[in-house]
Amino acid sequence: MNFDYSDDQKMLKDEARKFLTAKCDTKVVRGVLDNDDRAYDEALWKGVAEQGWLGAAIPEEFGGLGLGHVELCALAEELGRACAPIPFASTVYFVAEALMKFGSQEQKAKWLPKIAAGEVIGAFATAEGKGPVTARSIKTSVSGGKLTGEKIPVTDGDVADLIVVLAKDGLYLVEKGEGVSAEVLTTLDPTRSAAKLTFSGAPAERLGPENGGEDGITAMQAVFDRAAVLLAFEQIGGADKSLEMAKAYAFERQAFGRAIAGYQAIKHKLADMYVKNEIARSNAYYGAWALNTDAGELPLAAATARVAASEAFWFASKENIQTHGGIGFTWEADPQLYYRRSRQLSLVAGAPATWRERLVSQLEMKNAA
């Protein structure tokens with residue numbers, strides 16, 4: 001089993017890096033961070049759509065490229081390196097995956113081509129405040145095709161056109177408009193917006209035939225498992241970039257007549273970052289294989305990738321700031337961009353503690369089999 005990208009996938013990854021280097025430097029990220037009126041970079045979103053990335057894993061019959069999930073993982077890694085301020089994850093990792101997993105043929109034919117073309121932004125609304133989402137905690141309900149309830153926080157909920165909403169009896173598709181209101185929330189990472197969504201009798205359509213026979217929580221977790229692998233690659237991209245930034249600064253910064261990279265304390269920081277990044281990458285490759293083949297091991301692989309990648313990105317972004325020293329804490333320095341994103345990505349689709357519990361339960365099930 002070859003846990004590495006093929007030559008074609010490496011070429012795709014290289015071209016993606018070139019594109020993002022040209023179109024998404026830190027000035028683009030700061031253009032969203034420093035402007036309260038901008039939830040994402042519209043020009044970059046349009047460019048990514050024109051590249052076909054939004055439809056990378058969407059079958060050709062529904063307007064996508066039909067490349068597969070490994071290719072999407074490669075793109076996710078590069079988007080993470082660039083700290084791209086666009087609603088790619090919400091739209092592709094969550095909504096598109098939910099449609100491909102549970103949607104009816106009619107729903108796929110209606111929405112997937114629009115997602116692939118960049119005409120629709122998606123959001124996945126599950127949480128209703130603090131604490132993990134459970135069958136007992138869900139208050140959102142549907143009656144007579146009308147959905148009522150609140151979801152908070154919803155990543156990209158303020159800019160979404162299509163929302164997949166978890167209700168008491170399953171997942172529903174809701175279009176932004178009648179009966180839907182959004183309140184923008186203040187978060188640690190303004191380059192990825194979040195909102196409180198209120199549904200007041202909003203027209204809702206059940207996602208697929210009874211969500212493929214799954215109850216709402218099980219269907220939600222199936223989408224989370226798929227998204228977790230893709231998020232892990234985005235986190236690894238950010239972690240690798242954080243390491244590169246720390247290394248470059250350590251060789252540039254002089255203290256007591258020599259580069260600080262020559263001091264043991266800095267060497268140990270960089271080495272620890274590298275080790276955590278490589279462990280996360282190994283686990284993410286396992287997740288990519290499970291996702292691409294729809295293997296029965298996907299829940300275990302997803303939890304493993306999610307836990308390792310969340311830890312690696314948080315650690316690398318934190319140590320990047322520490323390596324930069326006093327300047328690393330200033331607004332003008334770029335390490336903050338990756339620290340903010342590490343915190344944001346670690347909370348999407350459930351906090352790290354929830355995924356650690358899922359990992360333990362999956363290992364127990366495997367050992368009991």
Side-chain angles (χ1 to χ4, degrees), residues 3 69 72-73 76 80 89-90 92-95 97-98 100-102 124-138 151-155 164-168 170-171 207 211-236 238-239 276-277 279-315 342-369:
F3 285 113
H69 284 92
L72 182 55
C73 288
S90 298
V92 178
Y93 308 165
F94 289 91
V95 174
E97 288 298 321
M100 288 191 288
K101 177 71 174 177
F102 296 115
F124 199 69
T126 58
E128 297 185 0
K130 296 181 179 179
V133 179
T134 64
R136 182 172 295 181
S137 70
I138 302 171
K151 295 293 182 180
I152 180 173
V154 180
T155 303
V164 176
V165 183
L166 174 65
K168 289 182 178 181
L171 298 177
L207 179 60
N211 299 152
E214 304 285 6
D215 63 72
I217 294 295
T218 305
M220 177 197 73
Q221 190 60 60
V223 176
F224 277 5
D225 286 342
R226 303 173 79 81
V229 176
L230 299 164
L231 289 169
F233 276 90
E234 195 167 312
Q235 290 169 306
I236 289 167
K276 287 182 181 291
N277 287 5
I279 291 174
R281 182 177 299 279
S282 177
N283 287 318
Y285 281 163
Y286 174 40
W289 164 80
L291 175 59
N292 198 53
T293 60
D294 202 19
E297 298 170 58
L298 178 58
L300 173 60
T304 304
R306 178 71 168 150
V307 170
S310 294
E311 169 66 19
F313 194 10
W314 170 76
F315 184 83
S342 76
R343 297 291 78 201
Q344 189 271 332
L345 288 178
S346 71
L347 295 175
V348 176
T354 302
W355 284 97
R356 284 192 289 269
E357 290 179 7
R358 182 163 175 76
L359 174 58
V360 171
S361 67
Q362 289 296 317
L363 288 172
E364 289 176 342
M365 289 171 60
K366 181 179 180 181
N367 292 334

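One is the number of the first residue; the rest follow in order along the sequence.
For V223 against F94, the heavy-atom pair with the smallest separation is CG1-O, 3.7 Å. Closest heavy-atom contact between A351 and L347: CB-CD2, 4.0 Å. Nearest approach of V229 to A284, heavy atoms of both residues: CG1-O, 4.4 Å. Closest non-hydrogen pair, A305 versus A232, comes out as O-CB, 3.8 Å. Between A239 and F313, the closest heavy-atom pair is N-CD1, 3.5 Å. Here the closest heavy-atom approach between residue L300 and residue K366 is recorded as CD2-CD, 3.8 Å.
Put simply, the side chain of W355 gets close to the backbone of A349: a donor and an acceptor are under 3.5 Å apart. Using a distance-only test at 3.5 Å, with no hydrogens or angles considered, no donor-acceptor pair links the side chain of K276 to the main chain of W314. Judged by distance alone, the side chain of S282 and the main-chain N or O of I279 form no donor-acceptor pair under 3.5 Å. Distance alone, capped at 3.5 Å, places no donor-acceptor pair between the D225 side chain and the A302 backbone. S310 places a side-chain N or O within donor-acceptor distance of the main-chain N or O of R306, the cut-off being under 3.5 Å.
Taking the side chain as every heavy atom from C-beta outward, T155 and Q344 approach each other to under 4.5 Å. Looking at E311 and R356, their side chains never come closer than 4.5 Å, going by heavy atoms from C-beta outward. Side-chain atoms of I217 and T134, non-hydrogen and from C-beta on, never get closer than 4.5 Å to each other. For the pair L230/L291, a side-chain contact is recorded, criterion being any heavy-atom separation below 4.5 Å from C-beta on. A heavy-atom distance below 4.5 Å is found between the side chains of K151 and L166. Within the 4.5 Å cutoff, no side-chain heavy atoms of Y93 are placed close to those of V348. Two residues are said to be in side-chain contact when any heavy atoms from C-beta on lie closer than 4.5 Å; E128 and V133 fail this criterion.
Rounding to the nearest 0.5 Å gives a distance of 15.0 Å between NE2 of H69 and CH2 of W289.
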Inset, instruction - Begin from the C-alpha positions of T126 and Q221 and carry the test side chain to side chain contact (heavy atoms under 4.5 Å, CB included) through to its verdict. - result: CA-CA 10 Å; T126 58; Q221 190 60 60; over 6 Å; no

Legend entry - Intermediate values then yes/no, side chain to side chain contact (heavy atoms under 4.5 Å, CB included), L359 and T304: CA-CA 6 Å; L359 174 58; T304 304; 3.3 Å; yes

